[in-house]
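Along the sequence shown, residues are numbered consecutively beginning with 1.
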Amino acid sequence: MPEVEEKLEAYEVKREGEAEILMLKTNAVFFNPVQVHNRDMSIAVLRTFVAKRKEEHEEMINKRNKSRQHVSQDILPRSDGDGTSSEQPASSILDGKINDDHGKELHRTVDKEEGLSTEATHTPSWKRIRELNAPVVLEALAASGLRSLRYAREIDGLGKVIALDNDEASVEACKRNIKFNGSAASDKVEAHLADARVYMLTHPEEFDVVDLDPYGSPAIFLDSAVQAVADGGLLMCTATDMAVLCGANGEVCYSKYRSYPVKGKYCHEMALRILLACIESHANRYKRFIVPVLSVSMDFYVRVFVRVFTSASEIKNAPLKLSYVYQCVGCDSFHLQCLGRTVTKGKSVKYAPGIGPVVPQVCSDCGKKFNVGGPIWSAPIHDQDWVLSTLADVKAMKDRYPAYNKITSVLTTVSEELHDVQLFFSQHNITGTVKCTPLSAAVFRSAVLNAGYRISGTHVNPLGLKSDAPWDVIWDIIRCWVRIHPIKEQPRDSAGTMILSKSPKLEANFSRAVAAVSNAQAKKINRFLPNPERYWGPKIRGGRTITSKHASLLGHEAVNGVIRREDGNGLVVDKSAPGTEERGQHE
């Protein structure tokens, strides 16, 4: 027993949800407790997926049964030539129709690696479709395996969970944690040492759920991921390279995601739309397309949940879901230019390039030029039914979510967004452009609503507003406000002066509108929560040396505690760190 205790001294037990893992006190394997928000949100959406998948399967069975009944009712008596008549069984007619018309296509979907028996191969297709197997999950970048363990232990109706990593230390840690969690985990979770890209390419359409949560950009995994997801399956993807996606390094973003970002207050929502456009692009190459069910910007990353379907005809609509963004450099106005359009002539529908440009050479509001970004995903980034179902499920299982307050606040705000409006603007920014006294959100929302347009908040930014009102209406409201609350004279060449020099065509009505306050605000539901503790953010990549320069990520106390540890823990310490001595590297 002393030997066991000595071995356990090198580990810390971390508990999250119903899973426990053993973590080395060194930084050998990556683990970030901050990602509890990410893991809880993933579990919530995955539970919804399992339920929706079952509902869809039952609907398909009911539809097929109704079709069989309809066929049986329409069968006419068949003459045998001797005056007698007979009826052919409906099941045989339906079987023949399925086998003749669709048999070949359906047989292609049979799992070759499982090796079906001859009897199973000759079973009518409609009978095989009745069977719904438990969904199989692939976590492509598992590290400690905590996410896979939580999936296996907390989500009912889940099948196998495959945890991959190309780092030997991580796979060893994952296997150790699987064993540590007992039979509830070991019966479902498998850990493998493999390159996720190669593994997904060699297992096409085998996984009902694929989870990508890389350290940084997921770009290099997307091509293989969209091929590994089964038809109608769920792809969950995280991107933490926010500086790239939000416009700090536009050329790098284009090289990774084939989209150029523009800087604006909406940059985090644009990051979501860039990632979705990139996934769609990879899927289209294999006659597949995506349907986003939930897309969120949380903490220091973006996370998207999309379903992947196969349809050669549907991918023709891909250009209709993508747009370029024109962002004015003088004011906050932005405009979207769709890549494609449809031309309808009678029953014929043809696809054509989008008509543009949607803006003149200079901004009609302030006279400044435009920056062009994109293409970005301009179709809805959420499915309202999924969001509400997920939110209801989370509230019903409050005790099973460690980050319950955070994910309910995000889901509540997402549920109140205008899902058909792209990007958002900041009310503080537009009032700052003209240097006027800020008006309250309720007053501004009331003016937009009274003008006959819709407006809502956004989960991305507490000051962000989404509206279908055109920019001339937005600026007319500001002009009317400035007329009531005069401002000091501004430089003649400023954007604010140019905007205010025009007379408003709309007389804004600032009287309080009932819908100016959202339901969540009226019920005083917290929508934007502060970080639960200091240094709540990204952590150091697993295996890297912790030095004094990481104090901004971990905190001075944590870094000093690590630096002072003894050689027995096998930690590599930077000699340049203050107050440290030379130590050997752990082999």
Is there side-chain contact between Val410 and Met298, with heavy atoms separated by less than 4.5 Å?
-> yes
Do Thr240 and Tyr215 come close enough that some side-chain heavy atom pair is under 4.5 Å?
-> no
Residue pair Gln337 / His335, side-chain donor-acceptor N/O under 3.5 Å | no
Phe528 side chain near Asn461 side chain, heavy-atom distance below 4.5 Å = no
Verdict with reasoning, Leu391 to Thr412, per side-chain contact (heavy atoms from CB on, under 4.5 Å) | CA-CA 7 Å; Leu391 180 58; Thr412 299; 3.9 Å; yes
Do the side chain of Arg303 and the main chain of Asp213 share a donor and acceptor less than 3.5 angstrom apart?
-> no
Test Asn38 against Thr238 for side-chain hydrogen bond (donor to acceptor under 3.5 Å, both in side chains), laying out the working first.
-> CA-CA 9 Å; Asn38 187 314; Thr238 302; 3.2 Å; yes
Heavy-atom nearest pair, Ser144 first then Ile21, reads OG-CD1, 3.8 Å
Sub-3.5 Å donor-acceptor pair from the side chain of Gln327 to the main-chain atoms of Ser333, do we have one?
-> yes
Distance-only, no hydrogens or angles: does the His37 side chain make a donor-acceptor pair with backbone N or O of Asp299 under 3.5 Å?
-> no
What distance do Leu193 atom CG and Leu164 atom CG have between them, rounded to the nearest 0.5 Å?
-> 9.5 Å
Under 4.5 Å between any side-chain heavy atoms of Ile474 and Ile430, yes or no?
-> yes
Between Asp420 and Arg454, is the closest basic N to carboxylate O distance under 4.0 Å?
-> yes
Roughly how far, to the nearest 0.5 Å, is CE of Met23 from CD of Glu12?
-> 8.5 Å
What pairs with Phe207 under ring-ring contact (aromatic ring centres under 6.0 Å, His included), at least two apart in sequence or on another chain?
-> none
Summary of salt bridge (charged side-chain N to carboxylate O under 4.0 Å, His left out) pairs that have at least one residue in residues 218-228, sequence neighbours excluded = Asp223-Arg285
Met498 side chain near Asp365 side chain, heavy-atom distance below 4.5 Å | no
Nearest atoms (heavy-atom pairs only) where Ala143 meets Cys174 | O-CB, 3.9 Å
With His268, which residues qualify under ring-ring contact (aromatic ring centres under 6.0 Å, His included), at least two apart?
-> none
Would Tyr151 and Asp211 count as having a side-chain donor-acceptor pair, cut-off 3.5 Å?
-> yes
Go through the structure and list residues passing side chain to side chain contact (heavy atoms under 4.5 Å, CB included) with Thr48, not counting sequence neighbours.
-> Lys52, Trp386, Ser389, Thr390
Distance in Å, Leu212 CG paired with Cys237 SG, rounded so as to fall on 0.5 Å steps = 5.0 Å
Indicate yes or no: at least one non-hydrogen side-chain atom of Leu141 is less than 4.5 angstrom from one of Phe221.
-> yes
Test item: Ile162 and His192 side chains (from C-beta on) under 4.5 Å apart, heavy atoms | yes
Nearest 0.5 Å please: distance from the CZ atom of Arg47 over to the OG atom of Ser42.
-> 11.5 Å
Heavy-atom donor-acceptor pair, Arg288 side chain to Val226 backbone, under 3.5 Å = yes
So Asp231 and Val308, side-chain contact (heavy atoms from CB on, under 4.5 Å) or not? Walk me through it.
-> CA-CA 6 Å; Asp231 193 22; Val308 181; over 6 Å; no
Side chain proximity check, Leu275 to Val302, heavy atoms < 4.5 angstrom | yes
Give a yes or no answer on whether the side chain of Gln427 reaches the backbone of Leu463 with a donor-acceptor pair at less than 3.5 Å.
-> no
Exercise: do Ser148 and Glu139 side chains pair donor with acceptor under 3.5 Å | yes
How would you list, by chain and number, every residue that makes a ring-ring contact (aromatic ring centres under 6.0 Å, His included) with Phe289, sequence neighbours excluded?
-> Phe309
d(Thr202 OG1, Tyr199 OH) to nearest 0.5 Å is 7.5 Å
Any Lys/Arg nitrogen of Arg307 or Asp383 sitting under 4.0 Å from an Asp/Glu carboxylate oxygen of the other?
-> no
Contacts of Ala230 that satisfy side chain to side chain contact (heavy atoms under 4.5 Å, CB included) - sequence neighbours left out | Asp208
How about Tyr266 and Phe334: are their ring centroids closer than 6.0 Å?
-> yes
Among side-chain atoms of Gln227 and Ser224, is any donor-acceptor pair under 3.5 angstrom?
-> no
Between Met270 and Ile376, does a side-chain contact (heavy atoms from CB on, under 4.5 Å) hold up when you go through it step by step?
-> CA-CA 7 Å; Met270 190 173 194; Ile376 66 170; 3.7 Å; yes
Under a 4.0 Å N-O cut-off, is there an ion pair linking Glu269 with Arg273?
-> yes
Ignoring hydrogens and angles, tell me if any N or O in the side chain of Lys466 forms a donor-acceptor pair with the backbone of Val421 under 3.5 Å.
-> yes
To the nearest 0.5 Å, what is the distance between OG (Ser259) and CH2 (Trp377)?
-> 13.0 Å
Cation over ring, Arg258 on Tyr254, under 6.0 Å and within 45°?
-> yes
Yes or no on side-chain hydrogen bond (donor to acceptor under 3.5 Å, both in side chains) for Ser518 and Glu416, after CA distance, side-chain angles and deciding distance?
-> CA-CA 8 Å; Ser518 67; Glu416 295 183 340; 3.2 Å; yes
Donor-acceptor under 3.5 Å (His382 side chain, Ser295 main chain) | yes
Exactly one candidate in Leu234, Leu158, Ile155, Val161 meets side chain to side chain contact (heavy atoms under 4.5 Å, CB included) with Pro135; the answer is Leu158
Identify which one of Val359, Leu423, Leu322, Val358 satisfies the side chain to side chain contact (heavy atoms under 4.5 Å, CB included) criterion when paired with Leu336.
-> Leu423
Side-chain H-bond candidate by donor/acceptor type, Asn317 with Tyr351, under 3.5 Å = yes
Within the distance-only criterion (no hydrogens, no angle test), does the side chain of Glu417 pair as donor or acceptor with the backbone N or O of His459 below 3.5 angstrom?
-> yes
Take Arg527 and Gln521 through the test side-chain contact (heavy atoms from CB on, under 4.5 Å) and record every step on the way to the result.
-> CA-CA 8 Å; Arg527 295 171 301 131; Gln521 288 177 304; 3.3 Å; yes
Just by distance, do the side chain of Ser364 and the backbone of Pro360 share a donor-acceptor pair under 3.5 Å?
-> no
Whether Tyr257 side chain and Val244 backbone form a donor-acceptor pair below 3.5 Å = no
